[in-house]
Amino acid sequence: MQPLPKEYNFIEIERKWQQRWEEMGIYRYDWSDMKRPVFSIDTPPPYPSGELHMGNVLNWTYFDIVARYKRMRGYNVLFPQGWDCHGLGIEIQVEKLHNIRKRDVPPEQFRKLCSELVEKYIGMMKEGILKLGCSIDWTTEYRTMDPDYWRRTQLSFILLYRKGFMYQGTHPVNWCPRCETAIADAEVDYEKREGTLYYIRYPLENSTEYLLIATSRPEFIPACVAVEVNPKDERFNKYIGKNIVVPIVNRKVPIIAEETVDPTFGTGVVQICTYGDKEDVKTVMKHKLPIVTLLTENGRINENGGKYVGLTINQARAAIVEDLAAAGLLEKTEKITQEVGRCDRCKAHIEILERKQWFMKTRVLTDVVEKTANEVVWYPDYMKSRLVDWAKSLDWDWVISRQRLFATPIPVWYCKKCGELILAKEDWVPIDPKMENPRIDKCPKCDSTEFIGERDVFDTWMDSSITCAVHAGWPDRQDWKRLFPADMHPSGIDIIRTWAYYLMVRHLALFNEKPYKSCLINGMVLGADGRKMSKSLKNYVAAPDVLNKNGADATRQWAACGGATGSDIPYRTPDVEYGRRFLVKLWNVSAFVSKLLHNYVPSDIEKVELQPLDKWLLSKTESLTKKVTDAMEKCQFNIAVEEIRNFTWHVFCDAYVEAVKDRLYRPEVHGETKKLAAQQTLYKVLFKILQLLAPVVPHVTEEIYQALYAGSKGYKSIQLSPWPEYLEEWVDENAEKRGDLVVELISEVRREKAERRLSLNAPIRHLIVYAGDNSAAEAIEEAKTDVVGALKVNNLTVLPQSGSGRPLIQFSAVNFIAEYGESTKK
RNA sequence: GGGCCGGUAGUCUAGCGGCUAGGACGUCGCCCUCACGCGGCGAAGAUCACUGGUUCAAAUCCGGUCCGGCCCA
């Protein structure tokens, strides 16, 4: 046993162990081990967006605790780490960083710029994860932007296409008529501008009456599919269900009830066109209205526009307004301010267009998703309904195609001549159809030899929604099912609807099997003010700063303890500081124990005379082990940590160590066997404390273990020691009760000393304890050594009868009289 | 508007059918006790949001009201 240095230098200790653990390779999953049970964690590959944030810290701490705990429980733990690289976020940042637009440079060059930025961000995040001391098996590291990962995404698509889950369909998207491309919501700038509101008469069917509708987009009249009014609007609700005639095209459309119509805007009667704006999209979806496509991809009126075909939007508006006026249907116009979307690249007004997209049939799986969600163990349980409710609320299938560059290509081609769809074969992938032709001689349908590669790419969730299988070794390892389904999928509460859901539908569709057996949910990290942490609210704290300042072990305690698993937790400096103080306390008591156990040899232990307080502590340690193990099994990290900290600080340090000091200091008075008993108890209990804490605060426990225990226990790392078993034979309720009485007596006497403003080591000449009955008297008498030592009593009298001294709070039948002052005889 | 969660001392948090409602921070006393002042010993501070109900018993279960939070429309 080596003495521990006086100072606890967490920076040095944490860095040292992070390095050594990696060198020792103790977190490697052993792919060849067929004996130990496996436990696989489906680490969600994060989107590299810069430095690690406190939400990541919370997330990673949770499942690192699980990984470490499971290893100690004897599992062969797979704890992989990947990076979810693709996506619009990176594309936009690259454009900003280099002051370019993606279409300004060749696609290959743009992708290169994206992957460079991703690498930089991965470096930053990885540094944070390493600093947090996560027990990741870095030999598993992967990037979804690598062609080898494309291969898996593309293969999964091919298999799902063959199973009938993938199809092409049309879906409204933001469209820039100038760039002739779909753009994402994030690429649309909104600005206010002055527009005109046109009041137009729409005749009711079979009636001379008409309704006056107000619209800012009369050019969309040919695409009008309904007219809506608020059902509470008494002016118009009598018309609901009737038909109305759309002017110009003379088409009959229904008048429908829609609560979102604002009766005070315009006339309170609104036309729904496909699609004048985003509201129209919602209404059409909601009421399942028919769709009349009006625009071409370059923003001109198509054949559905009748006589206006070929006109631009502005030309069509002018022409239609003129025709309406001529027909006497235009009642008036007025100026309004309206919000319009512009392409953030070219500033052209965006339109909403229906465009061919790829979809995955997810709604057919909803019942299976619900059933499967019920088979999964959720931590906490109520999170299950988030997934089920989400799945049930979906109105349409998952759009898996995007019109972007930095993403996995969709492995299909179209025959230039007949349009036949050519799906890549399994052994063609990874492949980019924009760069390469399909590996066939001719179109199987028309024998043409010219093909057009799919330009669309996959939604980034297509990459990240197969991780459970990929982590297990699919499709390359024969034995991948050994690790599938994953034992645990960890996730933030905010991405249950995406991550947990997409994993579910994809794996169910691919393998008819659930992707994960359990799902561990973490809440959001809030600022100290209780609001969601964000830079704009100025309540943001950077994870690297927190880690540098307080160390990983203190930060991990905050994450584990900030609140119940799944609940949102605020980042509070005092919590982290309390964690730091606990570590100092643990360090100090360990250093103290190492001194007290200087000559102690663990092997010659059984000849000791265990004192009541020794038995008391040993029994309480078992109760603690049980409570902590139960909490760990249920992923109640806050309970586990709270229990260990309170036990360590208050039961172990404040009560036990204080009480046995005298036994250890003065064996000549109390006897060598009693000293040995205290040493043995300290040795055993501190070790268990370190073990129970090891998953939560791995660095400090390792450092203490190596100095105090490695020599006698022999494990290479405390992380490789078996989790303490609950030893029922050490549990002794009677010993606990009797010990409680002794501890209580000691505190009450100390309390009296405090009240009398005496120092705690003020001697007591004579302490008379009225125990009230024989068994209490016996308990105190048996613990005499520690009572006398801890309280500096010269003369102790324990009487079984009742007295009228100062009573104990918990044991009011027991009371005592203390006579202070130096004894004459010593 | 929908789904979920929550309202416990000045602040934060645990407990979720039955012991004097734990703990942390803060506050106030005391102790320079030979591991630790990033400490020790104590003290004050809570009608457990409001309101009905179930129960021998409710912070804990059920209904309603009010107020927050997260996610989604």
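Each chain gets a letter, A, B and so on, in the order its sequence line appears, and its residues count up from 1. Only a predicted model underlies this, so the values are computations on that prediction, with no experimental measurement involved.
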Give the rounded distance in Å between these two atoms: CG of Leu526(A) and C1' of rG6(B).
12 Å

Indicate whether the side chain of Thr274(A) and that of Asp280(A) have a donor and an acceptor atom separated by less than 3.5 Å.
no

Rounded interatomic separation in angstrom, taking CZ from Arg666(A) and P from rC34(B):
15 Å

Between rA59(B) and rU47(B), how far apart are the two C1' atoms, rounded to whole Å?
12 Å

Pair Thr61(A)-Gln557(A), side-chain donor/acceptor within less than 3.5 Å
no

Comparing Asp389(A) with Cys561(A), nearest RNA chain B nucleotide closer to 5' gives the residue Asp389(A)

Donor-acceptor contact below 3.5 Å, side chain Arg556(A) vs main chain Val696(A)
yes

Consider the side chain of Val584(A), meaning its heavy atoms from C-beta on, and name the nucleotide among rA35(B), rC4(B), rC38(B) that approaches it most closely.
rC38(B)

For a quick check under 3.5 Å, do Glu633(A) and Tyr69(A) share a side-chain donor-acceptor pair by atom type?
yes

Nearest of rC70(B), rC34(B), rC72(B) to any side-chain atom of Met524(A)?
rC70(B)

What dot-bracket string describes RNA chain B from 5' to 3', counting Watson-Crick and G-U wobble pairs whose defining distances are under 3.5 Å, with [ ] for crossing pairs and | for pairs to another strand?
(((((((..((((....[...)))).(((((.......))))).....(((((..]....)))))))))))).

Atom C1', compared across rG45(B) and rU20(B): separation rounded to whole Å:
16 Å

Run the numbers on Asp553(A) and His699(A) for side-chain hydrogen bond (donor to acceptor under 3.5 Å, both in side chains), then give the verdict.
CA-CA 7 Å; Asp553(A) 285 341; His699(A) 310 85; 2.8 Å; yes

The side chain of Asn588(A) is closest to which nucleotide in this list: rA35(B), rG40(B), rC4(B)?
rA35(B)

Determine, for nucleotides 27-33 of chain B in 5'-to-3' order, which nucleotides have protein heavy atoms under 4.0 Å from the base (write B), from only the sugar-phosphate (write S), or from neither (write -).
--SSS-B

Nearest-Å distance, CZ (Arg645(A)) to P (rG39(B))?
13 Å

With C1' as the reference atom in both, quote the distance from rG15(B) to rC28(B) in angstrom, rounded to an integer.
28 Å

How far, in whole Å, is rC48(B) from rU8(B) if one measures between their C1' atoms?
4 Å

Using whole Å, report how far CD1 of Ile493(A) lies from C1' of rC4(B).
7 Å

Determine the interatomic distance between C1' on rA49(B) and the same-named atom on rG7(B); round to the nearest Å.
6 Å

Between rG69(B) atom C1' and Tyr571(A) atom OH, what is the distance in whole Å?
21 Å

Pairing of Lys620(A) and Asp740(A) as salt bridge, 4.0 angstrom limit
yes

Could you check which of rC5(B), rC41(B), rC12(B) has an atom nearest any side-chain atom of Arg750(A)?
rC41(B)

Verify the distance criterion only: is there a donor paired with an acceptor across the side chains of Asp662(A) and His670(A) at less than 3.5 Å?
yes

Using only side-chain N and O atoms of Lys595(A), determine if any of them is under 4.0 Å from OP1 or OP2 of rC34(B).
no

With rounding to whole Å, what would you report as the distance between rA9(B) and rA14(B) at their C1' atoms?
14 Å

Under 3.5 Å side-chain donor-acceptor pair for Thr621(A) and Lys688(A):
no

Can you tell me, in whole Å, how much space there is between the C1' of rC12(B) and that of rG68(B)?
15 Å

Expressed as a whole number of Å, how far does the P atom of rA24(B) sit from that of rA43(B)?
13 Å

Can you tell me if Trp649(A) touches the phosphate of rG40(B), counting only side-chain N or O atoms and a distance under 4.0 Å to OP1 or OP2?
yes

Please confirm whether the shortest side-chain N or O distance from Arg386(A) to OP1 or OP2 of rC4(B) is below 4.0 Å.
no

Could you encode protein contacts along nucleotides 15-26 of chain B as a string, one character per nucleotide from 5' to 3', using B for base contact, S for sugar-phosphate-only contact and - for no contact, with a heavy-atom cut-off of under 4.0 Å?
S----B--SSS-

Any ion pair linking Lys737(A) and Glu733(A) (charged N to carboxylate O, less than 4.0 Å)?
no

Given Asp614(A), which partner from the list Arg663(A), Lys675(A), Lys674(A), Lys684(A) fulfils the salt bridge (charged side-chain N to carboxylate O under 4.0 Å, His left out) test?
Arg663(A)

Atom CD of Glu258(A) and atom P of rG1(B) are separated, to the nearest Å, by 15 Å

Using atom CG of Leu664(A) as one end and atom C1' of rC34(B) as the other, report the distance to the nearest whole Å.
14 Å

Between Tyr502(A) and Trp461(A), how do the two ring planes meet: parallel, tilted or perpendicular, split at 30° and 60°?
tilted

Does the side chain of Tyr275(A) pick up a donor-acceptor pair with the side chain of Glu354(A) at under 3.5 Å?
yes

Quick one: Asp280(A) CG to rA73(B) P, roughly how many Å, whole number?
18 Å

Looking just at side-chain N and O atoms, do His287(A) and Glu228(A) make a donor-acceptor pair shorter than 3.5 Å?
no

